[in-house]
*Asks:* 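Handing you this structure, nothing more for now.
Sequence lines set the chain letters: A, B, ... in the order given, protein chains first and strands last, and positions in each chain run from 1.
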Amino acid sequence: MNILVAEDDPETAAFLCRGLGDAGHQVHHVETGAEALAALQSGSFDIAVLDRMLPGLDGLSVIRGARRGGIVTPALMLTALGRIEDRVDGLEAGADDYLVKPFAMSELVARLNAISRRRQTGDVVTTLTAGSIVLDLLHRETRIAGRLVPLQPREFRLLEELVRNAGRVVTRTMLLESVWNFHFEPQTNLVETHMSHLRAKLAAGGAPAVIETVRGAGYRMVADA
Amino acid sequence: MMRSAAYRIATIYSAAFVIATLVLGVAVYYAAHVALQTQLDDRIAAEMSSLVSEYRSEGLTSLKLVISRRELARATNDLGYALYDPAGHRVAGTLSARRPALGWSTIGFVDREDASDVARSFAVRLDGGERLAVAADWDELEAADRLILTILGVAFLVELIIGGIGAVLLGAYLRHRLSGISGAAEGIIAGDLGTRARVGPRGDEFDRLSAALNAMLDRIGELLDTLRQVSSDVAHDLRTPLSRLRNGLEEGLRTDPGPAVIERAIEQSDQVLSLFSAILRLSEIEAGGLRQAFAPVDLAALVRDLAESYAPAMEAAGRTLAAHVETVPPVIGDRELLAQAVINLLDNALAHTPVGTTVRLGLAVGGGGTVLTVADDGPGIPEADRDRVVQRFARLEASRTRPGYGLGLSLVAAVARIHATSLVLGDARPGLVATLTFGAARR
């Protein structure tokens with residue numbers, strides 16, 4: 001992907017450029033809000049990573065300006081402010097996701113993949129498929145090779161998230177946010193327990209080892225399961 | 001002295017009274033003066049009409065006779081008479097004055113003590129061209145006026161004196177009462193944080209103000225203590241993972257740092273970061289700004305959902321989660337914070353109980369509102385420690401070796417506070433029961 005990075009702190013910027021470059025993306029780095037807005041308006045980027053506190057025009061204003069100008073490039077807001085209100089502000093301004101510094105590179109990459117994918121699938125889908133697994137989103141049913149696999153509602157949501165991002169890493173925090181709507185870390189291994197139940201049920205239904213654990217990052221649905 | 005509000009108020013108050021007295025005095029003076037003068041004029045007019053009718057019926061000679069008879073009866077009659085012939089010579093009466101003008105007038109005359117004096121006079125022209133004047137001495141009127149003015153003056157003076165003394169006394173009293181409060185404030189400024197304002201036994205405005213001030217100071221004192229405790233606890237809790245991190249990195253430097261060493265270092269820094277996130281989140285909740293985004297929350301659906309999510313995790317850890325959730329009216333609040341409070345209570349129940357424990361999650365409508373309970377049949381918390389565990393960084397084991405930073409219950413308590421309720425820890429016989437009671441939905 002062609003990624004625009006707007007970040008004024010040189011160290012964070014270097015970390016971003018190196019990390020995203022290593023993940024196989026082209027990175028264009030700007031330091032001010034005005035440059036970021038101009039770059040977004042050029043329309044030559046697939047996705048943008050915006051720091052919230054940019055010199056001149058701040059990140060919120062950049063994203064607001066871009067959205068007002070009809071630019072739909074997916075954007076992720078980076079911020080040192082972790083407050084609940086700040087997150088709400090960022091999303092309301094038009095950002096697709098919000099990540100609090102300090103963050104792990106694997107988390108950022110996973111989230112960028114997810115939001116760019118979300119934008120691509122604009123149509124309303126009622127069925128998701130990954131290999132032999134078919135999810136009927138209307139009836140909340142899962143079938144493996146045509147046979148119904150009974151899943152708990154949470155397990156279904158978990159599988160849905162993984163299948164939507166098949167082949168890409170989905171992090172624990174992303175799952176907590178999307179499946180449980182939690183923006184905090186419970187101490188209990190909520191995700192792990194549900195994941196092990198889901199895996200057991202999928203294995204019993206005939207699809208073993210379709211969910212990989214990616215050490216230090218999260219989970220991945222095997223693309224051609 | 002005018003820089004003292006107490007004196008100023010007392011002075012203004014006295015001045016208001018003095019002015020009121022002056023206005024009243026002037027009104028009394030004026031009314032009395034007019035009344036007396038009318039009375040005098042009436043007497044003169046009545047006398048005149050009786051003399052004129054005497055003249056008309058009996059003639060001039062008889063009139064002269066009547067006049068001299070009236071003047072002889074001075075003891076009972078203080079009116080003066082004068083009858084002038086058409087040429088202007090006095091022919092009867094002893095009123096020693098120049099011939100008065102016709103009608104009402106004020107004249108000068110010489111009284112019986114040969115002093116010149118002022119009188120009220122009424123003169124008419126008789127049918128024969130003579131002029132008859134009847135006059136009355138002003139003395140009575142003047143005496144009454146003087147009396148009133150004297151009383152007024154004395155009252156004015158007395159009031160000034162009472163007002164002045166009152167102002168000084170009231171001022172001194174107010175200063176005295178306020179000095180208790182300002183004394184406390186000065187003590188605190190000077191560094192003695194334990195100083196408190198005197199609270200008198202009467203329970204008046206000053207006592208109530210002092211009591212409120214003391215309560216505020218107590219709260220500030222608690223906050224300062226918390227701040228002090230928190231800073232030292234944060235330092236303590238950070239030192240352990242940071243020194244482990246440092247030792248690990250040092251070891252990695254000596255040997256060839258494999259991915260395991262680096263991974264452990266990342267894990268340890270994550271621990272430090274998660275402590276900071278927890279502290280920041282707690283501060284955000286305690287600041288109360290989130291209250292603006294409060295909306296009705298279906299607590300029953302939320303708790304059912306959490307119970308469903310948590311049951312597998314509890315089972316995996318060898319505990320049982322039993323949920324009993326009734327449908328309850330919506331609670332005004334923040335869904336995510338309420339969820340986090342319930343999760344923290346469940347996390348706590350999981351972390352501090354032995355394998356085999358049953359954790360009961362309940363939601364019901366009870367006395368005083370919607371009652372949320374998380375109970376376990378584990379070892380419980382001794383009554384003496386229950387208040388302490390809710391404080392930040394409080395942990396029951398002094399060695400602080402178990403995982404967690406002792407922020408879980410503080411966060412629940414903070415969430416409870418911004419939802420206008422409180423976290424109550426009790427004895428589940430056996431075990432611990434944590435209760436949150438939400439009032440009827442209101443903003």
*Asks:* Taking side chain as everything from C-beta outward and backbone as N, CA, C, O, which of these in B/Tyr310 sits under 4.5 Å from a heavy atom of chain A? Side chain, backbone, both or neither.
*Replies:*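 Contact with chain A: backbone and side chain both.
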
*Asks:* Which heavy-atom pair separates A/Arg220 from A/Gly167 by the least distance, and what is that distance?
*Replies:*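 Looks like CD-O, 3.3 Å.
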
*Asks:* Using a 4.5 Å heavy-atom cutoff, which residues in residues 317-324 of chain B come close to chain A?
*Replies:*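 The list, in residue order, is empty: none.
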
*Asks:* Only one of A/Arg172, A/Arg157, A/Arg111, A/Arg87 forms a salt bridge (Lys or Arg N to Asp or Glu O under 4.0 Å) with A/Glu177, so which one is it?
*Replies:*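 Of the listed options, the one satisfying the test is A/Arg111.
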
*Asks:* Is chain A contacted by the side chain of B/Leu346, its backbone, both, or neither, given a heavy-atom distance below 4.5 Å?
*Replies:* neither

*Asks:* Decide whether A/Ser116 and A/Arg168 meet the rule of one side-chain donor and one side-chain acceptor closer than 3.5 Å.
*Replies:*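 The criterion, which ignores hydrogens and geometry beyond distance, is not satisfied for A/Arg168 and A/Ser116.
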
*Asks:* Any carboxylate oxygen within less than 4.0 angstrom of a Lys/Arg side-chain nitrogen, looking at B/Glu250 and B/Arg246?
*Replies:*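 Salt bridge: yes.
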
*Asks:* So that I can tick it off, tell me whether A/Arg67 and A/Asp96 are bridged by a salt bridge, with the cut-off set at under 4.0 angstrom between side-chain N and carboxylate O.
*Replies:*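 Result for this pair is yes, salt bridge flagged.
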
*Asks:* Should the ring pair A/Phe15 and A/Phe103 be called parallel, tilted or perpendicular, given that the plane angle runs from 0 to 90° and is split at 30 and 60?
*Replies:*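 The rings of A/Phe15 and A/Phe103 sit tilted, inter-plane angle from 30° to 60°.
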
*Asks:* Name the region of B/Ile266, side chain, backbone, both or neither, that has any atom closer than 4.5 Å to a heavy atom of chain A.
*Replies:* neither

*Asks:* Picking from B/Leu306, B/Leu350, B/Asp305, which has the most non-hydrogen pairs under 4.5 angstrom with chain A?
*Replies:* B/Asp305

*Asks:* Sort B/Leu280 into side chain, backbone, both or neither according to what part of it lies under 4.5 angstrom from a heavy atom of chain A.
*Replies:*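 Nothing of B/Leu280, per the 4.5 Å heavy-atom cut-off to chain A.
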
*Asks:* Would you check, one step at a time, whether the test side-chain hydrogen bond (donor to acceptor under 3.5 Å, both in side chains) holds for A/Asn165 with A/Tyr219?
*Replies:* CA-CA 10 Å; A/Asn165 293 288; A/Tyr219 301 93; over 6 Å; no

*Asks:* Which atom names give the shortest non-hydrogen contact between A/Val62 and A/Ala36, and what distance separates them?
*Replies:* CG1-CB, 4.1 Å

*Asks:* Below 4.5 Å from any heavy atom of chain B, which atoms of A/Pro102 appear? Answer side chain, backbone, both or neither.
*Replies:*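 Looking at A/Pro102, just its side chain touches chain B.
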
*Asks:* Is B/Glu315 close to chain A through its backbone or its side chain, or both, or neither, when contacts mean heavy atoms under 4.5 Å?
*Replies:*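 Nothing of B/Glu315, per the 4.5 Å heavy-atom cut-off to chain A.
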
*Asks:* How are the rings of A/His197 and A/His194 set relative to one another: parallel (under 30°), tilted (30 to 60°) or perpendicular (over 60°)?
*Replies:* tilted

*Asks:* Could you look at B/Glu284 and say if it's the side chain, the backbone, both or neither that has a heavy atom under 4.5 Å from chain A?
*Replies:*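 Side chain only.
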
*Asks:* Hey, are the side chains of B/Phe438 and B/Val328 touching, using non-hydrogen atoms and a 4.5 Å cut-off?
*Replies:*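 The answer is no, as the side chains (C-beta and beyond) never meet within the 4.5 Å cut-off.
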
